[in-house]
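Below is one structure, written out as structure tokens, with a few remarks after it.
Keep in mind that the numbers below use all heavy atoms, side chains included, and drop hydrogens, waters and symmetry copies.
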Amino acid sequence: MRKNYLSLLCLASLTLMAIQASAREAIVSSPNGKLSLTVSDEGDQPTYAVALEGRQMLMPSLLGFKANFGDFRHGMKITSTKAERIDREYTMRQVKQSHIRYEATLLTVDFETPQKLLMSMEFSVSNNDVAFRYIIPRQKNDNPKSAVILYESTGFNMVEGTTQFLTPQSDPMVGWERTKPSYEEPYSADAPLTAKSRYGKGFTFPCLFKVKDDGWMLISETGVSSAYCGSRLSDYDPATGAYTVAYPMDGENNGNGTSAPGIALPGQTPWRTITVGTTLKPIVETTVQYDVVEPLYTLNPHLSTTNPYGRYTWSWLIWQDNSINYDDQVKFIDLASKMGFELCLVDNWWDQNIGRERMAELSKYAQSKGVSLMLWYNSNGHENDAPQTPRNCMNNSIARDKEMAWMKSIGVKGIKVDFFGGDKQETMKLYEDILFDANRYGLQCIFHGCTMPRGWERMYPNYVSSEAVLASENVYFSEGAAKSQPFELCMHPFCRNASGTMDWGGVIMNKYLSKDNKSRHKRYTTDTFEMASGITNQAAIQCVAMQPNNIDELPPLELDWMRSMPTTWDETQFIDGYPGQYVVLARRHGSQWYVAGLNAKAEPLKLTLDLSMFPAGTKLNYYTDDPKTMQTKLNSLKTNKKQKAIVEIQPNGGIVLQEQ
């Protein structure tokens, strides 16, 4: 780690000035000088604003909070400021980039209330990101030593003409078996700021905005642990022109636990993050969710010396509950072995339909085939009414320790835990406890029916991914969801998957959503679309939801490609796209680049791609859809002297480019 400290007199980093006799503001710039942050105490409440290349991205927006021991909103005055340069590097294995360098200017602003209560704020400003949090010290006479943060006035005041790309927060304890919020609501696209959320409860992070004609902005949060609750955005308030940070609803987690977080003092809130760009490139490529957090524990040495990532087969998606039996799971283990996949997920009811003794046999059989098992668990507890078992194994430390010791003894490599109860601090603690205990036993963790990750890939090194999206199971359940799949998968690289790894749950290769591959509704995407989605959807353990029949039905070129499909990436580059319409990304695994594109439009899309990762004249394998048959075909393509190439993506289709 390297740190270089800047003088407070360096105007490129910090300008502190009096704007009135009784008011001051601090202006700080990013390392390249293009992004600027202004913090002011003028008026009744302190504000901050963000500009990129001289264009306003976020108007002056309120700061402050109310705690149970004092009000840190009104009459706040800046008492001192400090700026320092951050320049550090770190490595990760399970996200969009493996080696990350973070350069930023860290601004600390100290405030005082009229009652002489103290509070500070940290703003970390990199070239396209702003992260900020509240720092709360102990006050006079070294008290209080703990606090409850009742609510925040933290706001995001939008530039007029901004449009939103958001997904709504649902009511608590509604829907199937009272499992909502499950963070599986559909996205809107290009909606006006005044568009209300579907349930009147605001919007789930991350939140994407198009800032008039000047660029893009992604708002989210990171660094949420057991020490705080998760948050969301309120509905837009036309009177103030702003969204505000909202805490969990009282009814979440079946009414158990408080909505307001409690913290020990001195302490801090999580980081709220704002990523801005004149194009979508900084949105897609941001790593701010990892840049400002640190690991909370060391990765289990067993996991650090092996490669625990890869692809998994999953019977439940199409064969459903009836497939959770010993014989059918053998078929999916054999499928994984034939494809060279590393893992097989055994879903709900396995404890009843297979039993623990035979699960040990099944795990031994899988290992003999070069495959490891992951097991599904219900997080309950008391959070909701989801009936699937195993239940009451993950919600308390005694049962969890016993269960994980058993899994380790039979060679299980990971768990998928489902049906969490919301964003309260109590639920955040459950996530953390599961992750910490799983790490002790060398288990990787995937969460479903859950909230989005908030820096967890770095904070909890054995964390892999979360669902937190309207995922593949809905393609099975509903023909409407099958039809909207292209839209959704062309949305997520710009919002949900930009802010954290995403277990969407399947490169689906059946033509029909049925075991016989002839009945029920069809899949509306092409095979090439599905192949490309294995690249555009980012998760280090990736579901390839093939069925045993696919081995005989799919062309060899598709089978061979999926056998070689990587799931971990050393670099990610945005090439082209628009949220909900189309996307083209490039990802590098080792020295090999993969360029993948999806088209959700109703007509073919012809694009000239900047492929600067390939030298001029590079010959590429070009997987695409035949416009007549919509079957996958393999062509050859060459980059021109300007390192560009022309491609065409069919409706609901895809492309994949690889160097020959």
Legend entry - Greater than 12 external heavy atoms within 6.0 Å of Arg198's CZ: no
Legend entry - OH/Tyr199: more than 12 non-hydrogen atoms of other groups inside 6.0 Å: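 Check passes, neighbour count above 12.
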Counting C-beta onward and ignoring hydrogens, is there a side-chain heavy-atom pair between [X] and [Y] closer than 4.5 Å?
| X | Y | result |
| --- | --- | --- |
| Phe420 | Phe447 | yes |
| Arg400 | Ile434 | yes |
| Pro270 | Arg454 | no |
| Lys408 | Leu443 | no |
| Ile575 | Val595 | yes |
| Thr167 | Arg496 | no |
| Pro486 | Thr525 | yes |
| Phe205 | Leu233 | yes |

Inset, instruction - Would you verify whether the NZ or CZ of Arg356 falls within 45 degrees of the ring axis of Trp406 while also being under 6.0 Å from that six-membered ring's centre? - result: yes
Inset, instruction - Report yes or no: is the cationic atom of Arg232 (NZ for Lys, CZ for Arg) closer than 6.0 Å to the six-membered ring centre of Phe203, at no more than 45° off its axis? - result: no
Inset, instruction - Check the pair Tyr377, Trp350 against ring-ring contact (aromatic ring centres under 6.0 Å, His included), reporting the backbone distance first and the verdict last. - result: CA-CA 9 Å; Tyr377 282 87; Trp350 59 261; 5.6 Å; yes
Inset, instruction - Report the relative orientation of the aromatic rings in Phe419 and Trp376; use parallel for angles under 30°, tilted for 30 to 60°, perpendicular for over 60°. - result: perpendicular
Inset, instruction - Could you check whether the rings of Trp456 and Tyr460 sit parallel, tilted or perpendicular, using 30° and 60° as the cut-offs? - result: perpendicular
Inset, instruction - Determine, using ring centers only, whether Phe332 and Trp319 are less than 6.0 Å apart. - result: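 Ring-ring flag for Trp319/Phe332: true, centres closer than 6.0 Å.
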Inset, instruction - Indicate, with yes or no, if the rings of Phe436 and Tyr297 have centres closer together than 6.0 Å. - result: yes
Legend entry - Rounded distance [0.5 Å steps], CZ in Arg587 versus OG1 in Thr572: 4.0 Å
Legend entry - Identified side-chain contact (heavy atoms from CB on, under 4.5 Å) partner of Met546 from the options Glu530, Lys338, Met509: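 Output: one option passes, namely Met509.
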Legend entry - side-chain contact (heavy atoms from CB on, under 4.5 Å), paired with Met339, selected from Thr313, Ile551, Asp334: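 Filter result, single survivor: Ile551.
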Distance-only donor-acceptor hits, side chain of residues 469-476, under 3.5 Å, sequence neighbours excluded:
unit_1	atom_1	unit_2	atom_2	d
Ser472	OG	Trp504	O	3.2
Ser472	OG	Gly505	O	2.4
Asn474	ND2	Ala471	O	3.2

